[in-house]
Visitor: 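Just dropping this structure here.
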Amino acid sequence: FRSLRFAVIHKHNASLAFTMSILQKAANDICYLPSYRRLAFVFAGHGEENGCLFMNDGNSIQIDTILNKLSPSSSKPANSSPLGHMVRLFFIDACRGDRNDLGIMVSPRGGKSTEPLRIPSTLTNLYIAY
């Protein structure tokens with residue numbers, strides 16, 4: 001990520017308090033260089049089907065809390081937030097229960113029309129973008 005001009009804060013086995021402080025700083029306190037146009041949040045660990053991610057200290061955080069902390073407030077203009085118009089990427093590698101993922105139907109954009117494709121759920125730990 002550094003070579004792509006991302007600011008990097010790395011913490012192995014983060015506690016909930018540390019994670020919350022980093023989210024607060026990333027959302028409100030950091031003065032990003034003008035060349036920074038993207039923010040990535042990466043989590044690899046354990047979770048539950050209710051959207052919780054477990055921290056090293058045994059506490060948990062909701063995925064929605066992370067998304068909300070790193071998104072500009074809907075009550076303020078985007079340019080008033082340090083995150084502004086940054087593209088935000090979230091990579092979360094954690095279990096979310098024992099239900100099977102049925103995959104998702106996707107339709108190609110542009111070009112000739114084809115039948116929608118189903119991304120199979122048997123493929124795990126991968127990111128697909130079109």
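Position 1 is the first residue of the sequence; numbering continues from there.
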Visitor: For the backbone of Phe54 and the side chain of Glu48, can you confirm whether one donor and one acceptor N or O come within less than 3.5 Å of each other?
Guide: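 No: the side chain of Glu48 does not pair with the backbone of Phe54.
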Visitor: Do Ser60 and Met55 make a side-chain contact, defined as non-hydrogen atoms from C-beta onward lying under 4.5 Å apart?
Guide: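 They are not in side-chain contact.
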Visitor: Kindly write out the residues that satisfy side-chain hydrogen bond (donor to acceptor under 3.5 Å, both in side chains) with Asn68, not counting sequence neighbours, or none if the list is empty.
Guide: none
Visitor: Testing the basics here: between Ile61 and Met20, what is the closest heavy-atom pair and its distance to 0.1 Å?
Guide: CD1-SD, 3.5 Å
Visitor: If you measure from CG on Leu89 to CZ on Phe41, what distance do you get to the nearest 0.5 Å?
Guide: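 So the CG of Leu89 and the CZ of Phe41 are separated by 12.5 Å.
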Visitor: Please enumerate all residues that pass side chain to side chain contact (heavy atoms under 4.5 Å, CB included) together with Leu67, with sequence neighbours excluded.
Guide: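 With neighbours one apart ignored, the set is Ile63, Asp64, Phe90.
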Visitor: Heavy atoms only: give me the nearest His46-Ala94 pair and the separation to one decimal.
Guide: C-CB, 3.9 Å
Visitor: Could you tell me which non-hydrogen atom of Thr19 sits nearest to which non-hydrogen atom of Ala14, and how far apart they are?
Guide: OG1-CB, 3.6 Å
Visitor: Show your working on side-chain contact (heavy atoms from CB on, under 4.5 Å) between Ile66 and Leu53 and close with a plain yes or no.
Guide: CA-CA 10 Å; Ile66 296 166; Leu53 301 178; 3.8 Å; yes
Visitor: Tell me the closest heavy-atom pair linking Ala26 and Leu70, and the distance in Å.
Guide: CB-CD2, 3.8 Å
Visitor: Once side-chain hydrogen bond (donor to acceptor under 3.5 Å, both in side chains) is applied, what residue pairs with a partner in residues 8-17 remain, sequence neighbours excluded?
Guide: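 Sorted result for residues 8-17: empty, none.
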Visitor: What heavy-atom pair brings Lys69 and Leu23 nearest, and what distance separates the two atoms?
Guide: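 For Lys69 versus Leu23, the nearest heavy atoms are CB-CB, 4.2 Å.
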